[in-house]
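Structure, as structure tokens:
All chains are named by letter (A, B, ...) in the order of the sequence lines, taking the proteins before the strands, and each is independently numbered beginning at 1.
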Protein chains: 2
Amino acid sequence: MDRDSMAKDWDAYAATCPTRQALDRIADKWTVLILGLLVETGPMRFNQLRREIAGISQKMLSQTLKSLERDGLVTRKVFATVPVTVEYAVTPLGATLAQTLVPLRVWAETHVERMLQARAAYDAAHDEAHERADGNAPARLDAA
Amino acid sequence: MDRDSMAKDWDAYAATCPTRQALDRIADKWTVLILGLLVETGPMRFNQLRREIAGISQKMLSQTLKSLERDGLVTRKVFATVPVTVEYAVTPLGATLAQTLVPLRVWAETHVERMLQARAAYDAAHDEAHERADGNAPARLDAA
DNA sequence: GCATCAAGTTACCATCAGATACCAACCGGG
DNA sequence: CCCGGTTGGTATCTGATGGTAACTTGATGC
């Protein structure tokens, strides 16, 4: 009855909880972009994904896709066509994840300007403090 | 009207877009846990965070907090108490981010079992294919 | 004088991400 | 016939990154 129907107190704040590893996998730049694309565009081929996600390397793409497939978030379908074709698609489980990942990408696109402003202000304050503290490097100690 | 209220075509799928770096920072295990904790518990001190987030090292905590402060997502307040006390709190901007990060942690806690099942199935299929390269192998269709 | 707590920093090492090159099958052109 | 181009990867090398543990600073207490 209560074998696995109930969440058994999974806690991402516990070091050894599998949730920690899961979070590490899903809270990932490439995962956000890949799942977001697959969910919005539908099934895609390997090189199609690679072209759409500018700047991703084959290694990271294939590696991330393999992880996602292993965790049941995407499916991989091979077509024995002329040059072999491989199609990736999100699973229902992956779709539920994508629904929480897409807002993350949207947040980034929406608030990146504010972050850049904050960063510039922080750096300016730091440069100022650095310059007025001393014009030269006083802490020139030998490496112990 | 549209001085900076309008997003100027930021695109996380473009390799050089700052959104990519922003996404890399916010789509991070420790960022999810730190912001989630600060938003739910309120301002916290350094070692308090360290104790609550089991398994995080001082290095990663201070590093992540410094990034978050630089990007205007948390504030750092130093109290000149007996042993110096430092309090971290989320900014309004950080709070908006936390609202999209918390569901991510919740998703992980909710669906980790399904992921573990999928992973076990995937690994079993792989081990099977690896150990027995004969007979009634279902994944032996490609005949490579 | 020594240990202790707070909040870090630093050194060191294992792992990882990124760039590049290569592979295998197939096809079209010269 | 050989060259280059397509698909979907793997292999290699290197610089960046994450984790572990030790050291720092500064006051407090025994």
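Of the residues in residues 61-88 of chain B, those lying under 4.0 Å from DNA chain C by heavy-atom distance are B:Ser62, B:Lys66, B:Arg76, B:Pro83, B:Val84, B:Thr85, B:Val86, B:Tyr88.
In terms of heavy atoms, A:Met44 sits closest to A:Thr41 at SD-CB, 4.0 Å. The shortest heavy-atom contact between A:Arg105 and B:Ala12 is CG-CB, 3.7 Å. For the residue pair A:Leu104 and B:Leu23, the shortest heavy atom distance occurs at O-CD1, 4.2 Å.
In terms of modelled atom types and a separation under 3.5 Å, the side chain of A:Thr19 and the main chain of B:Glu109 share no donor-acceptor contact. A donor-acceptor pair is defined here as one N or O able to donate and one able to accept, closer than 3.5 Å; no such pair exists between the side chain of B:Ser67 and the backbone of B:Arg25.
Distances from the side chain of A:Met60 to the nucleotides D:dG9, C:dG18, D:dT20 place C:dG18 closest. Checked against C:dG8, D:dG8, C:dA7, the side chain of B:Gln58 finds its nearest nucleotide in C:dG8. Here C:dG8 is the nucleotide among C:dA6, C:dG8, D:dG8 with the atom lying nearest to any side-chain atom of B:Phe46.
Straight-line distance from the CZ atom of B:Arg25 to the P atom of C:dA17: 15 Å, rounded to whole Å. The distance from atom CG of A:Asp24 to atom P of D:dT17 is 16 Å, rounded to the nearest whole Å. The nearest whole Å value for the distance from the CG atom in B:Asn47 to the P atom in C:dT9 is 13 Å. Taking atom CZ of A:Arg20 as the reference point, atom P of D:dG18 lies 15 Å away to the nearest angstrom. In this entry the distance linking CG of A:Leu23 with P of D:dG18 reads 15 Å, nearest Å.
On a pure distance criterion of 3.5 Å, a polar donor-acceptor pair joins the side chain of A:Lys59 and the base of C:dA17.
The side chain of B:Arg50 places no N or O atom within less than 4.0 Å of a non-bridging phosphate oxygen (OP1 or OP2) of C:dA7. Contact annotation: A:Trp30 reaches the phosphate of C:dG18 (side-chain N/O to OP1 or OP2, under 4.0 Å).
For the 3.5 Å distance criterion, the side chains of A:Arg76 and A:Tyr88 qualify, holding a donor opposite an acceptor.
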